[in-house]
Amino acid sequence: MIINNTSPKRLLLCFLFGILPMLSADCYNLQASKPGIPKKQKNIYHKGWIDFNKNGEKDIYEDPSQPIDKRVEDLLKQMTTEEKTCQLGTIYGYGAVLKDTLPTPEWKNRIWKDGIGNIDEHLNGEWKRTSLDYPYSNHTDAMNKVQAFFVEETRLGIPADMTNEGIRGLKHEKSTFFPAQIGLGCTWDKELVREIGRITGEEAKALGYTNVYSPILDLARDPRWGRTVESYGEDPYLAGELGRQQVLGIQSNRVVSTPKHFAIYGVPAGGRDCESRTDPHATPQEVHELHLEPFRIAFQEAGALGTMCAHNDYNGTPVSASYYLMTELMRNQWGFKGYIVSDSWSIDKNKKFYHIVDNEEEAVASELNAGLNIRTFFQKPEIFIETLRKALTNGLVEESTLDQRVREVLYVKFWLGLFDEPYVKDPQLADRIVNSEKNRTVSLRAAHESIVLLKNEKNRLPLSKDIKNIAVIGPLADEYKSLTSRYGSHNPEIITGLQGLKNLLGDNVNLMYAKGCNVRDKNFPQSDVMFFELSDKEKEEIDEAVEIARKAEVAIVYVGDDFRTIGESRSRVNLDLSGRQKELVRAVQATGTPVVLVLFNGRPVTLNWEDTHLPAIVEAWYPGEFSGQAVAEVLFGDYNPGGKLSATFPKSVGQIPWAFPFKPNATGKGFARVDGELYPFGYGLSYTTFELSDLQPTIAKIADGDTLTVTCKVKNTGSVKGDEVVQLYLNDETSSISRFEKELCGFERVSLEPGEEKTVTFKVNRRAYGMYNDQNEFVVEPGKFFLSAGNSSQSTPLNAEFYVE
């Protein structure tokens, strides 16, 4: 701890007021978690309960034996309007909005003297580094001190919900770092995603966070969209099942899972996302069948207690002002019991952007009345809370509506146990848990499983370790920043592609490296729509790569996206490799040296030339901490890839929309157009072969509401161990409105030794054979249904049928 010079007079005053200075002008240490209660404050900590309102009595809301609903109502009736409105505000953490690392005397004069709904991304290392984000126990101790302010220094002692991001591991300094969600979607591994969720929640809780903004459940139906990288893929069943596991894993730690972005967020017109994120192109049936279904599973079946409201509108109504979506659907139909946070946009967005209201008070009212609870945005919380109070005074929000929004926030805080144990009991536990070897092992497993082998002509892969000269080429071969993430671990230790090869092959192989080009040329993004001559420097860089390729027995070329071509507000108009990467690949291929193409990227790529001319292509996505190691082990056969695509690779951007599932004849041929996809949904190769057989429903007829059990066999018919993803699809023979021609309704990732056979069991329930009719009502229509099983959406050789009576 660094001690600043502090005057004896100030020290005396601090001790008189029960404050131990933290030795920095901007913070002091409120003693938390029972030790050292400030001298002038009554002892509020009792055996089995805490006297939050400091009245010397055990109120109902302070009694752990009472049911949550009774505790909520008891607390709510004691709250003033000022305290209620504070529960609907957010303090963005240190470095983003908050100027203090720890509570200061000024906090007693700020609006959160009456409490706060949540504190977001506090001391996680993202916005501004401090000694309190790492080592981990420093952070936990700091979060306890922040929480102590709200427990000990506010009238009713309502704890704050400590929120953070976490779509690929917790967003914190050097936390465990997992593959991007698009890569996790390609694992098709429910057990793995459940474990990743558990680790994310475990690390969050150990560090003092109580709510994780994860998973992202938006469907990437348009790969031009920048946040394709942060989705599980394009299919609602796959995203829903993996999302279910992430929610269950996070909340198994008594940490809230807050899926995002609700709803219809992933299909902005043309994939354009920047500041607009508007005008999603989806029919009402598509909205319910596709875009809402993963969220329904998360809320109704997995019990997620949070969600983040999306920026976009639908049918002219901003989602943030949609009573139907946030109240009628989520709460009344699906039974959602948690609270909804806004995405980080200004309070007057519905006025200045959508123009549906005349002023800020009406904008706040439009959202609160629709069902939004907590406002998060990158400004001081006073702006929103004072505007909300004006809206109440002007009669734009009823007191009963305010009570309901606060009631929903308080329910979550009681569910979290914050009124029973508001502090992390053992801050040192974080040092043993966060980014532990055990957790890092799961990260490596996820990196392996996320990799998809797209092409392997004449079994070019795996490469022999007897090769003596290898050219390692490309802008992503030895690049660090692009492999990181705004919404994952901060400053993780990442193994690059080149380093992974060095670690695996050692000194026995001559690795020659040349970058070749940048991911973006100087004319990007204009170069996405027109040709520019190569500069002399660009020619020199490509020539350098060509020179080492000629000396090599094989060239491994790492290309893809960097942090400016993929991610939030990074939509594109072209799905080709950006910048000079295409020219680089073609120049290296022209040397005659065999080329293995490795993609570190976040969206499907149009690889028509590459697929035609290169013998091997590996889709690695962004594999996380062990990026280079996982890829190297795949390339040289230490790991047999078994990932399957969770998003279709179209042949041209002009085909979009081109995403599974398809309506009948939606992929129809035309004389003047290129047809079909390059790689279909569910596709991926292996170094071994598999045989599927004996698809069998256990019974031929079921009644509405029954769950049908279906089995099939899968056998490894090759010579090496491998994973196969067995996929089950459904088709309705006749329905009152046109359904998708093939719908995913089951999948299992199976690991098999050579010659080993296993039986895979699927459960086909009412949500699979039912549908939304033309009134947007979920119904089951009797009739015949067809099942097909295989290893991709375009390869389903096994068939069966059943009837619903």
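- We find that K70 and D63 are not joined by a salt bridge, their nearest charged nitrogen and carboxylate oxygen being 4.0 Å or further apart.
- Under the side-chain contact (heavy atoms from CB on, under 4.5 Å) rule, V341 has a single partner from N373, N118, T90, which is N118.
- In this structure a side-chain-to-backbone donor-acceptor pair under 3.5 Å is present from Q181 to I216.
- Residue-environment remark: CD (E493) stays at or below the threshold of 12 foreign heavy atoms within 6.0 Å.
- A donor-acceptor contact shorter than 3.5 Å is absent between the side chain of S450 and the backbone of G183.
- Under the side chain to side chain donor-acceptor pair (under 3.5 Å) criterion, R405 pairs with E408, not counting sequence neighbours.
- We find the CH2-CG distance between W415 and L305 to be 5.5 Å, quoted to the nearest 0.5 Å.
- For the pair I451 and V618, the minimum side-chain heavy-atom distance is below 4.5 Å.
- Of the possible donor and acceptor atoms, one in the side chain of S443 sits under 3.5 Å from a partner among the backbone N and O of F177.
- In this structure, S175 contributes its side chain and L170 its backbone to a donor-acceptor pair below 3.5 Å.
- Side-chain atoms of R194 never come within 3.5 Å of backbone atoms of L242 as a donor-acceptor pair (strictly under, hydrogens ignored).
- The aromatic rings of Y423 and Y45 lie tilted to each other, with the angle between the two planes from 30° to 60°.
- Checking side-chain atoms of R749 against main-chain N and O of W188 turns up no donor-acceptor pair under 3.5 Å.
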I would like to know whether H122 and M162 meet side chain to side chain contact (heavy atoms under 4.5 Å, CB included); could you show each step before the answer? CA-CA 8 Å; H122 189 50; M162 303 295 190; 5.8 Å; no
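- With sequence neighbours left out, S137 forms a side chain to side chain donor-acceptor pair (under 3.5 Å) with D431.
- In this structure, the separation between NZ on K413 and CG on D161 is 6.5 Å, given to the nearest 0.5 Å.
- With hydrogens and angles ignored, the 3.5 Å screen pairs no side-chain donor or acceptor of D343 with any backbone N or O of C309.
- Annotation: cation-pi pair K260/Y487 present, NZ/CZ under 6.0 Å from the ring centroid and within 45° of its normal.
- Aromatic ring pairs are classed by plane angle as parallel below 30°, tilted from 30° to 60° and perpendicular above 60°; the pair Y209 and H139 is tilted.
- Atom NZ of K721 has 12 or fewer neighbouring heavy atoms from other residues, nucleotides or ligands inside a 6.0 Å radius.
- In this structure, the side-chain contact (heavy atoms from CB on, under 4.5 Å) partners of S342, at least two apart in sequence or on a different chain, are W345, L372, R375, T376.
- Considering only residues two or more places apart in sequence or on other chains, R296 meets the salt bridge (Lys or Arg N to Asp or Glu O under 4.0 Å) condition with E293, E301.
- Among residues at least two apart or in separate chains, salt bridge (Lys or Arg N to Asp or Glu O under 4.0 Å) pairs with a member in residues 116-125 are E121-K171, E121-R486.
- Of the candidates E241, E748, E449, E748 is the only one forming a salt bridge (charged side-chain N to carboxylate O under 4.0 Å, His left out) with K190.
- Side chain of D189 to backbone of L192: a donor-acceptor contact under 3.5 angstrom is found.
- T484 places none of its side-chain heavy atoms less than 4.5 Å from the side chain of F563.
- Screening I433, L429, N435 against Y136 for a side-chain contact (heavy atoms from CB on, under 4.5 Å) leaves a single residue, N435.
- Looking at heavy atoms from C-beta onward, P179 lies out of side-chain contact with W621 at the 4.5 angstrom threshold.
- Of the possible donor and acceptor atoms, none in the side chain of E619 sits under 3.5 Å from a partner among the backbone N and O of G643.
- The closest side-chain heavy-atom distance from Q246 to I196 is below 4.5 Å.
- To the nearest 0.5 Å, atom OG1 of residue T130 and atom CD of residue E173 are 9.0 Å apart.
- Between L184 atom CG and Q245 atom CD the span is 13.0 Å, to the nearest 0.5 Å.
- Between Y213 and H261, the gap from one ring centroid to the other reaches at least 6.0 Å.
- Using a 4.0 Å cut-off between charged nitrogen and carboxylate oxygen, R71 and E62 do not count as a salt-bridge pair.
- The backbone N or O of R198 sits nowhere less than 3.5 Å from a side-chain atom of S252 that would complete a donor-acceptor pair.
- Using the six-membered ring where Trp is involved, W225 and Y265 have ring planes that are perpendicular, over 60° apart on the 30 and 60° scheme.
- At a threshold of 4.5 Å between non-hydrogen side-chain atoms, the residues I340 and M326 count as touching.
- Scored by the side chain to side chain donor-acceptor pair (under 3.5 Å) test, E625 finds R440 as partners (sequence neighbours excluded).
- No hydrogens or angles considered: nothing links the side chains of Y232 and D218 as a donor-acceptor pair under 3.5 Å.
- For the 3.5 Å distance criterion, the side chains of N253 and E203 fail to qualify, holding no donor opposite an acceptor.
- In this structure, the side chains of P422 and I50 come closer than 4.5 Å at one or more pairs of heavy atoms.
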Starting from the C-alpha separation in whole Å, work towards a yes-or-no answer on side-chain hydrogen bond (donor to acceptor under 3.5 Å, both in side chains) for D100 and W107. CA-CA 10 Å; D100 310 312; W107 283 29; 2.8 Å; yes
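- Taking the centre of each ring, F600 and Y622 stay at or above the 6.0 Å mark.
- For the residue pair S751/D723, the side-chain donor-acceptor check at 3.5 Å is satisfied.
- Of the listed residues (T210, N164, T163, I91), just one forms a side-chain contact (heavy atoms from CB on, under 4.5 Å) with I119, and that residue is I91.
- In this structure, D133 does not pair ionically with K128, as no charged nitrogen and carboxylate oxygen lie closer than 4.0 Å.
- The pair E753-K758 does not meet the salt-bridge criterion, since no charged nitrogen lies less than 4.0 angstrom from a carboxylate oxygen.
- The nearest pair of heavy atoms linking P159 to F52 is CG-CE2, 4.2 Å.
- Looking at L207 and H172, their side chains come closer than 4.5 Å, going by heavy atoms from C-beta outward.
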